[in-house]
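Notes follow the structure.
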Amino acid sequence: MQCHKIVQILRQKAVGEKIVVQGWVKTVRRSKSVSFIDINDGSCLTNLQVIAEQNQTTDENHLKDLSTGCSLRVTGTLAASPAKGQDIELQAETLEILGLAPDYPLQKKRHSFEYLREIAHLRPRTNSLGAVARIRSALSFAVHTFFQERGFFHIHTPIISTGDCEGAGETFTVTALDLENIPSSTNLASVWDDDFFGCQANLTVSGQLEAEAYAMALGNVYTFGPTFRAENSNTSRHLAEFWMIEPEMAFCNLQEDIDIAEQFIKYLVDTLLKDCLEDLELFASFIEKDLFKRLKNVSEKTFIRLSYTEAIAELQKSKKSFKFPVAWGMDLQSEHERYLTEVIFGQPVVLTDYPKTIKPFYMRVNEDQKTVAAMDVLFPGIGEIIGGSQREERQDNLVARMNELNMQTSEYEWYIDLRRYGTVPHAGFGLGFERMVQFVTGMKNIRDVIPFPRTPGSASF
RNA sequence: UCCUCGAUAGCUCAGUCGGUAGAGCAGGUGGCUGUUAACCACCUUGUCGCAAGUUCGAAUCUUGCUCGAGGAGCCA
């Protein structure tokens, strides 16, 4: 007999049908002659209630051994439920206990997220972490759908890299050297000559530069892969290993870049509101009351666009005293971003044309020679969620910027080649996937929206 | 990395003025013809994060360390 997923069973409500269900016990309620077993198979948030009479088990394990966490296979007939709480339930005919769960660490009551992080291999069995996993999957699928439907090509950029995308953060070194046995005579500068790649290699901090190469051939491309930062950041918004989405578009300027970014975000939110309502309602009930209000704010309102210079003027006009005083040329602190998105505008804001001194070398210098064609999408409550720019497509300007920043142009010859041979205006942006999952779920800590988080001092599992 | 707070039963926490450990849940046993975080009765559970110090006596006071959380910086 075919095994059914609970999500289908609850949707179809085929009363009278004989089915097989397999899953894990969420809770058992017993009385003398009948037991109520809530079973969950991960296909959706809701459990299926199984009604079991005594002595229905088919193996050496008995109903009395059944507890939260046990795995089960149940054959039975779907029936309309006579009691409140569920429309249908499964009248068990045979009940096979696949695995017992003595001393199961997950209880029926709510656990703290801190505790669940210590049992990251079991936490997807909880309602909230299971919902996060389903939403993460749906969001990932929506990312691909959005770009594929618009003719973008998915590019697998390398995970091991030899550039550091200048300014994107500290890198993890990748080495095959025996670190306990490095010849003492070797000087540090030349140690990499003998290493696997013949030079120092690291885990990628961004796929952007490689994506640009493919955009210069295929037009519109995107990357969606893991990214690594060795920053010692201990916050609820940072991971050492996270996933990033980076589209790159040929024949594209900054305004078109912002248009795509705005459409993209709205598409992701709308897709989840359509496909993941049950899971989102869990977060709206238990994690963040105003979740739907916040999602609709993003979905329905046109993002405010203003230049960095205008933003500085707005902040100065506000007369609020900030910890970091506002002045043109400074990088905006989170208190400034929050004030703009939460107090002044109350909705997403796109800031453009930042001073070139606070942005990386590859951004296109504007006519004023002081600012670059950069854009940051700022969300209320979260801060920067997207950072992007029109890239510097003029070879002379690019090299001049690299020299200003004392960069070794020899290491970037391949990147300069993209300007040397058939250069075109192009633009792109980066979206931190986990921050997007945080935004749509309301989860406070980024460690709880990725299955096995890596942070300073922590890479268990 | 900096600032602040925290660590007590398997989990969530209380513990007064320094006097030798408590509750709810989980678990166990029994009861209950339909429960919904089931309910009722009884029972079990401790290196009070680690190390040192003060004291007749430390979960409680002091110092150091470890780990965790929130915020900041860095950033996505």
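Keep in mind that the numbers below use all heavy atoms, side chains included, and drop hydrogens, waters and symmetry copies. Since the structure is predicted, the reported quantities are computational estimates derived from the model, not experimental observations. Proteins get letters first, then strands, A, B, ... in listed order; numbering begins at 1 in each.
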Ignoring hydrogens and angles, answer whether the base of [N] and the side-chain atoms of [X] contain a donor-acceptor pair closer than 3.5 Å.
{"X": "A/His111", "N": "B/rC11", "answer": "no"}
{"X": "A/Ser233", "N": "B/rC74", "answer": "yes"}
{"X": "A/Glu53", "N": "B/rG34", "answer": "no"}
{"X": "A/Gln333", "N": "B/rG73", "answer": "no"}
{"X": "A/Glu335", "N": "B/rG71", "answer": "no"}
{"X": "A/Glu231", "N": "B/rU1", "answer": "no"}
{"X": "A/Asp38", "N": "B/rU36", "answer": "no"}
{"X": "A/Gln86", "N": "B/rU36", "answer": "yes"}

Quiz item: Taking the nucleotide of RNA chain B with the closest heavy atom to each, which residue, A/Asp331 or A/Glu89, is nearer the 5' end?
Solution: A/Glu89
Exercise. Select from A/Phe36 and A/Val28 the residue whose nearest nucleotide in RNA chain B is closer to the 5' end of that strand.
Key: A/Phe36
Pick base, sugar-phosphate or nothing for [X], based on heavy-atom distances below 4.0 Å to the nucleic acid.
{"X": "A/Lys444", "answer": "nothing"}
{"X": "A/Leu106", "answer": "nothing"}
{"X": "A/Tyr115", "answer": "sugar-phosphate"}
{"X": "A/Ser112", "answer": "sugar-phosphate"}
{"X": "A/Pro82", "answer": "base"}

Pairwise [atom1] distance, [M] and [N] [rounded to whole Å]:
{"N": "B/rG6", "M": "B/rC61", "atom1": "P", "value": "10 Å"}
{"N": "B/rG73", "M": "B/rU12", "atom1": "C1'", "value": "33 Å"}
{"N": "B/rC42", "M": "B/rA26", "atom1": "P", "value": "16 Å"}
{"N": "B/rC50", "M": "B/rG24", "atom1": "C1'", "value": "29 Å"}
{"N": "B/rG49", "M": "B/rA59", "atom1": "C1'", "value": "12 Å"}
{"N": "B/rU8", "M": "B/rA21", "atom1": "C1'", "value": "9 Å"}
{"N": "B/rU44", "M": "B/rA23", "atom1": "P", "value": "11 Å"}
{"N": "B/rG27", "M": "B/rG46", "atom1": "C1'", "value": "16 Å"}

Tell me the partner of [N], counting only Watson-Crick (N1-N3 plus N6-O4 or O6-N4) or G-U wobble (N1-O2 and O6-N3) with both under 3.5 Å; none if nothing fits.
{"N": "B/rC25", "result": "B/rG10"}
{"N": "B/rU55", "result": "none"}
{"N": "B/rC39", "result": "B/rG31"}
{"N": "B/rU1", "result": "B/rA72"}
{"N": "B/rG49", "result": "B/rC65"}

Examine [N]: is either OP1 or OP2 under 4.0 Å from a nitrogen or oxygen in the side chain of [X]? Give yes or no.
{"X": "A/Arg447", "N": "B/rG68", "answer": "no"}
{"X": "A/Lys32", "N": "B/rC32", "answer": "yes"}
{"X": "A/Asn445", "N": "B/rG70", "answer": "yes"}
{"X": "A/Thr235", "N": "B/rA72", "answer": "no"}
{"X": "A/Ser236", "N": "B/rA69", "answer": "no"}
{"X": "A/Ser31", "N": "B/rU33", "answer": "no"}
{"X": "A/Arg29", "N": "B/rA38", "answer": "yes"}
{"X": "A/Arg237", "N": "B/rA72", "answer": "yes"}
{"X": "A/Ser334", "N": "B/rA72", "answer": "yes"}

For the side chain of [X], starting at C-beta, report the closest nucleotide among [options].
{"X": "A/Gln49", "options": "B/rA38, B/rG34, B/rG73", "value": "B/rG34"}
{"X": "A/Asn234", "options": "B/rU35, B/rU1, B/rC75", "value": "B/rU1"}
{"X": "A/Gln107", "options": "B/rA69, B/rG34, B/rC11", "value": "B/rC11"}
{"X": "A/Lys108", "options": "B/rA37, B/rG68, B/rG10", "value": "B/rA37"}

[N] [atom2] sits how many Å from [X] [atom1], rounded?
{"X": "A/Leu116", "N": "B/rA69", "atom1": "CG", "atom2": "P", "value": "12 Å"}
{"X": "A/Ile37", "N": "B/rU36", "atom1": "CD1", "atom2": "P", "value": "16 Å"}
{"X": "A/Ile358", "N": "B/rC75", "atom1": "CD1", "atom2": "P", "value": "10 Å"}
{"X": "A/Leu332", "N": "B/rC74", "atom1": "CG", "atom2": "C1'", "value": "15 Å"}
{"X": "A/His336", "N": "B/rC75", "atom1": "NE2", "atom2": "C1'", "value": "17 Å"}
{"X": "A/Glu114", "N": "B/rG70", "atom1": "CD", "atom2": "P", "value": "7 Å"}
{"X": "A/Gln438", "N": "B/rG70", "atom1": "CD", "atom2": "P", "value": "10 Å"}
{"X": "A/Glu118", "N": "B/rG68", "atom1": "CD", "atom2": "C1'", "value": "8 Å"}

Practice problem: Inspect the surroundings of NZ in A/Lys289 and state if more than 12 heavy atoms from other residues, nucleotides or ligands are less than 6.0 Å away. | Solution: no
Quiz item: Is A/Phe286 atom CZ crowded by more than 12 heavy atoms from other residues, nucleotides or ligands, each under 6.0 Å away?
Solution: no
Can you say whether the rings of [X] and [Y] are parallel (under 30°), tilted (30 to 60°) or perpendicular (over 60°)?
{"X": "A/Tyr412", "Y": "A/Tyr415", "result": "perpendicular"}
{"X": "A/Phe439", "Y": "A/Phe379", "result": "tilted"}
{"X": "A/His336", "Y": "A/Phe322", "result": "perpendicular"}
{"X": "A/Phe461", "Y": "A/Phe452", "result": "tilted"}
{"X": "A/Trp328", "Y": "A/Tyr308", "result": "perpendicular"}
{"X": "A/Phe224", "Y": "A/Trp243", "result": "perpendicular"}

Self-check item: Minimum heavy-atom distance A/Ala80-A/Glu89, with the two atoms named
Solution: O-OE2, 4.5 Å
Practice problem: May I ask you to check if A/Arg364 and A/Tyr362 form a cation-pi contact, with NZ or CZ under 6.0 angstrom from the six-membered ring centre and within 45° of the axis? | Solution: no
